Amino acid sequence: MQRSKIKEILGRESPGGDVLVQGWVKTRRSSKAVSFVQVSDGSTLADIQVVADESLPNFQAVDALTTGCSVSVIGTLVESPGKGQKYEIHAKSIEVVGESDPDTYPLQKKRHTVEFLRDIAHLRPRTNTFGAMARVRNALAYAIHGFFQDKGFLFLQAPMITTSDAEGAGAMFRVTTLDLANVPMKDGAVNAEEDFFGKPTFLTVSGQLEAEIFALALSDVYTFGPTFRAENSNTSRHLAEFWMVEPEVAFCDLDGLADLSEEFLKHIFTYVLDHCQEDMGFFNQYFDKTAISTLEGIVTSDFERLTYTEAVDILQRSGESFEFPVVWGSDLQSEHERYLAETKIGKPIIVTDYPKEIKAFYMRLNEDGKTARALDVLVPRIGEIIGGSQREERRDVLLERIRQSGLDEKNYWWYLDLRSYGTVPHAGFGLGFERTVQFVTGVANIRDVIPFPRTPNNAEF
RNA sequence: UCCCGAGUAGCUCAGCGGUAGAGCGGGCGGCUGUUAACCGCUAGGUCCGAGGUUCGAAUCCUCGCUCGGGAGCCA
């Protein structure tokens with residue numbers, strides 16, 4: 001007999017017939033002659049109620065089932081006379097596949113804090129919260145691929161090991177096979193020539209530069225993969241290992257990129273609203289009462305667009321007393337971004353054209369000579385969810401910016417080559433995948449929207 | 001890394017200088033087509049760790065560790 005998923009069973013038009021369900025016991029309620037076993041298989045948030053009575057040869061064992069046991073159930077799908085569920089399974093046989101000692105099994109049939117569950121990350125996928133998170137995360141990933149595939153973008157697998165030692169994105173993890181107890185030295189420094197790649201290598205902080213290479217040949221590409229930052233960041237929005245989506249578009253300027261980012265976010269939010277109603281209802285009830293209404297508001301309204309200069313002006317005229325002063329030339333602080341996205345505008349904002357001094361060397365210089373064609377998409381509660389820019393396609397300007405930034409132009413020879421041979425205006429952005437899952441679900445801590453979070457001092461599991 | 005706050009039963013917390021508590025969960029028993037079922041009984045603690053103050057410390061002080069909130073770095 002073939003296994004049926006609970007999601008499929010609960011979605012049936014009518015009851016009837018025998019089914020095989022395999023999964024894990026959420027809870028059991030018993031009386032003398034009958035036992036109600038709630039079984040979950042992760043296909044959907046809902047459990048299915050299995051009704052077992054004394055006619056089962058192993059009723060005693062079934063009556064002793066506890067949270068976490070795994071079972072294989074064959075029975076008849078019938079309409080449930082009780083409240084709370086449409087169908088239930090009248091069991092003909094229940095095989096106890098795996099036991100679960102209730103004295104030591106940490107999950108209980110009650111709500112646990114996300115902090116406690118983080119310590120048992122091998123078991124937390126069995127909770128409603130992490131099941132829902134995994135399904136929403138999966139749907140978002142699918143929607144991201146779908147959006148770009150439908151537009152003819154090419155999915156590019158950027159390398160995770162890189163030799164570009166910096167591009168301003170932050171501290172990097174070193175990759176080495178050298179014996180750390182006996183590091184080869186040369187002239188007082190580590191001799192990287194003896195290392196695996198013959199030079200210092202790191203985990204990537206961005207696939208952008210590689211994506212640019214392919215965009216300048218295949219027009220529209222995107223990467224979607226793990227990204228690493230060795231910053232000692234301890235916040236609810238930072239991970240040392242996270243997933244990033246980076247489209248790169250040839251023959252595209254900043255306005256085109258802003259349009260793309262808005263269309264992109266609306267598409268993936270719409271997809272989740274349409275395909276994850278049950279899970280989103282759960283998050284809306286237990287994590288953020290405005291999760292669904294926020295997404296619905298976003299997909300039906302236009303994003304606000306401001307230049308950095310306009311944003312500074314609005315902040316200065318706001319009459320708010322900020323901890324940090326608002327001065328043209330310094331970056332917007334978290335409190336400023338939140339005021340704009342949460343209080344003043346109340347929806348996503350695309351801020352463009354930042355002072356060049358606070359942005360990376362590769363961002364295209366504006367005609368005013370003071371600002372760069374950069375873009376941040378700010379959303380309520382999370383802040384920056386997308387950061388991007390039009391790239392500097394003029395070789396001489398780019399070279400000057402590399403030198404001004406104190407970088408060694410020799411390391412960027414191929415990046416400069418792209419501007420020597422058939423250069424075109426192009427633009428791209430990076431979307432923090434986990435921040436997107438956070439924003440969509442309303443889950444407050446980024447450690448709870450990734451299966452196994454890596455943060456300073458934590459790489460368990 | 002910086003600034004706050006918190007670590008007490010398996011979980012969530014109360015107790016804040018004088019014999020360590022509750023709810024939930026667990027075990028045992030009862031009861032009912034049950035719904036976080038319900039009722040009774042019961043077991044369960046290096047009060048985060050190390051020093052110190054005191055006749056006496058879960059409680060006050062110092063340091064450390066872990067977690068949470070905020071900030072910086074950013075996605």
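These numbers were taken from a predicted model, which means no experiment stands behind them. Residue numbers begin at 1 in each chain, while the letters A, B, ... track the order of the sequences.
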What I want to find out is whether [X] reaches [Y] closely enough, with some N-O distance under 4.0 Å, to be called a salt bridge.
X	Y	result
A:Glu342	A:Arg381	no
A:Lys344	A:Glu304	no
A:Arg305	A:Glu262	yes
A:Lys356	A:Glu392	no

Just compare [options] and give me whichever is closest to any side-chain atom of [X].
X	options	answer
A:Asn457	B:rU66, B:rU35, B:rG72	B:rU66
A:Arg229	B:rG33, B:rG70, B:rC74	B:rC74
A:Ser334	B:rG33, B:rC74, B:rG72	B:rG72
A:Phe36	B:rU1, B:rA75, B:rU34	B:rU34
A:Pro81	B:rC74, B:rG33, B:rC31	B:rG33
A:Pro102	B:rA71, B:rG27, B:rU34	B:rG27

Check residues 429-436 of chain A and write down every donor-acceptor pair under 3.5 Å in which the side-chain atom is one partner and the other belongs to a residue at least two apart or another chain.
unit_1, atom_1, unit_2, atom_2, d
A:Glu434, OE1, A:Trp243, N, 2.9
A:Glu434, OE2, A:Arg137, NH1, 2.9
A:Glu434, OE2, A:Arg137, NH2, 3.0
A:Arg435, NE, A:Arg237, O, 3.1
A:Arg435, NH1, A:Glu384, O, 3.0
A:Arg435, NH2, A:Arg237, O, 3.1
A:Arg435, NH2, A:His238, NE2, 3.4
A:Thr436, OG1, A:Gly432, O, 2.8

I'd like to check the side-chain hydrogen bond (donor to acceptor under 3.5 Å, both in side chains) partners of [X]; sequence neighbours left out, ordered by chain and number.
X	value
A:Ser55	A:Asp53
A:Asp41	A:Ser43
A:Asn138	none

field: Interface residues of residues 252-267 of chain A with RNA chain B (non-hydrogen, below 4.0 angstrom)
entry: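 Contacts with RNA chain B under 4.0 Å: none.
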- request: Would you jot down, in residue-number order, the residues of residues 125-149 of chain A having a non-hydrogen atom under 4.0 Å from RNA chain B?
  value: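 Result for residues 125-149 of chain A: none.
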Return the nucleotide paired to [N]: Watson-Crick means purine N1 to pyrimidine N3 with N6-O4 or O6-N4, wobble means G-U with N1-O2 and O6-N3, both under 3.5 Å.
N	answer
B:rC60	B:rG52
B:rG5	B:rC67
B:rA14	none

Which atoms of nucleotides 8-11 of chain B (N or O only) lie under 3.5 Å from a protein N or O atom, and what are those distances?
unit_1, atom_1, unit_2, atom_2, d
B:rG10, N2, A:Gln108, OE1, 3.1
B:rG10, N2, A:Gln108, NE2, 3.1
B:rG10, N3, A:Gln108, NE2, 3.1
B:rC11, O2, A:Lys110, NZ, 2.8

How is [X] classified with respect to the nucleic acid when contacts are heavy atoms under 4.0 Å: base, sugar-phosphate, or nothing?
X	value
A:Ile382	nothing
A:Gly82	base
A:Glu246	nothing
A:Gln85	base
A:Thr436	nothing
A:Asn234	base
A:Arg28	nothing

message: Does A:Gln157 have more than 12 heavy atoms from other residues, nucleotides or ligands lying within 6.0 Å of its CD?
response: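 Atom CD in A:Gln157 is packed in, count exceeds 12.
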message: Can you work out whether A:Glu323 or A:Leu431 has the more 5'-proximal nearest nucleotide on RNA chain B?
response: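 This one resolves to A:Glu323.
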A:Val34 or A:Ala240, whichever maps to the more 5' nucleotide of RNA chain B: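 Going by which nucleotide is closer to the 5' end, it is A:Val34.
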Return no unless some side-chain N or O of [X] is found under 4.0 Å from OP1 or OP2 of [N].
X	N	result
A:Lys109	B:rC24	no
A:Ser30	B:rU34	no
A:Arg29	B:rA37	yes
A:Thr235	B:rC74	no
A:Asn458	B:rC67	no
A:Thr27	B:rA37	yes

Under 3.5 Å, which donor-acceptor pairs link side chains of residues 84-93 of chain A to any protein atom two or more places apart or in another chain?
unit_1, atom_1, unit_2, atom_2, d
A:Gln85, NE2, A:Ser80, OG, 3.0
A:Gln85, NE2, A:Lys83, O, 3.3
A:Lys86, NZ, A:Arg12, O, 3.4
A:Tyr87, OH, A:Arg12, O, 2.8
A:Tyr87, OH, A:Glu13, O, 3.3
A:Tyr87, OH, A:Ser14, N, 3.4
A:Glu88, OE1, A:Gln49, NE2, 3.0
A:Glu88, OE1, A:Ser80, OG, 2.9
A:Glu88, OE2, A:His90, NE2, 2.9
A:Lys92, NZ, A:Asp18, OD1, 3.2
A:Lys92, NZ, A:Asp18, OD2, 2.7

query: Residues two or more places apart in sequence or in another chain: which of them pass salt bridge (charged side-chain N to carboxylate O under 4.0 Å, His left out) with A:Asp448?
result: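 By the salt bridge (charged side-chain N to carboxylate O under 4.0 Å, His left out) rule, A:Asp448 matches A:Arg118, A:Arg124.
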field: Centroid distance under 5.5 Å and plane angle under 30°, A:Phe242 vs B:rA75
entry: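 Yes; centroid distance and tilt both under limits.
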Side chain to side chain donor-acceptor pair (under 3.5 Å): pairs with one or both residues in residues 326-337 of chain A, sequence neighbours excluded: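 Those involving residues 326-337 of chain A are A:Thr309-A:Trp328.
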Pairing residues for A:Ala230 by the side chain to side chain contact (heavy atoms under 4.5 Å, CB included) criterion, not counting sequence neighbours: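 A:Ala171, A:Phe173.
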field: Under 4.0 Å protein heavy-atom contact, by nucleotide of nucleotides 39-49 of chain B - B base, S sugar-phosphate only
entry: -----------
- request: Could you walk me through whether A:Ser35 and A:Ser30 pass side-chain hydrogen bond (donor to acceptor under 3.5 Å, both in side chains), step by step?
  value: CA-CA 4 Å; A:Ser35 208; A:Ser30 282; 2.7 Å; yes
